[in-house]
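The chain is numbered in sequence order, starting from 1.
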Amino acid sequence: ALAGLLDFYLFAPIERKTKTRFRQTDFVLNKKLGVGAFGVVYKAEVQKEDKILDLDESGNPAPVVLKKAAEFGAEEAWMNGRVRRACPSTCAAFIDAFE
């Protein structure tokens, strides 16, 4: 319970103020990786140089996985961020959510 309170009132607000914000237009969709009940998943690239998250072993911008959700909800976005903050080495990095 304490970890959840700290995340909600301390860690999440700090992250919202300091992390890079993305828009849908910041990404170029490439190969469709899969489709499921929750939406379509694509391999994508960040197209804005000032928003590149990581480089691959060749020094090029690393690809990202982008899910176009069938339904967007603030609760899902919050939970994705919470899981990423709680156990970052066990799940994919959650970058952002937008409608």
Atom pair CZ/CZ of Phe11 and Arg82 - distance to nearest 0.5 Å: 9.0 Å

Separation between CD of Glu15 and CG of Asp7, rounded to the nearest 0.5 Å: 8.5 Å

Leu29/Lys68 under side-chain contact (heavy atoms from CB on, under 4.5 Å): CA gap, chis, key distance, verdict: CA-CA 10 Å; Leu29 299 182; Lys68 291 180 81 175; 4.0 Å; yes

Test item: [X] and [Y] side chains (from C-beta on) under 4.5 Å apart, heavy atoms:
X: Tyr42; Y: Leu33; value: no
X: Lys32; Y: Val41; value: no
X: Val65; Y: Lys43; value: no

Cluster check Leu5, Val83: I/L/V/M/F/W/Y, side chain < 4.5 angstrom: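 Leu5 clusters together with Val83.
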
Cluster check Ile14, Tyr9: I/L/V/M/F/W/Y, side chain < 4.5 angstrom: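 No, Ile14 and Tyr9 fall in different hydrophobic clusters.
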
Distance-only donor-acceptor check, side chains Gln47 and Asp26, under 3.5 Å: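 No, because no side-chain N or O of Gln47 sits under 3.5 Å from a partner of the opposite role on Asp26.
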
Closest contact, heavy atoms only, Val64 versus Glu45: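 So the minimum-distance heavy-atom pair works out to CG2-N, 4.5 Å.
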
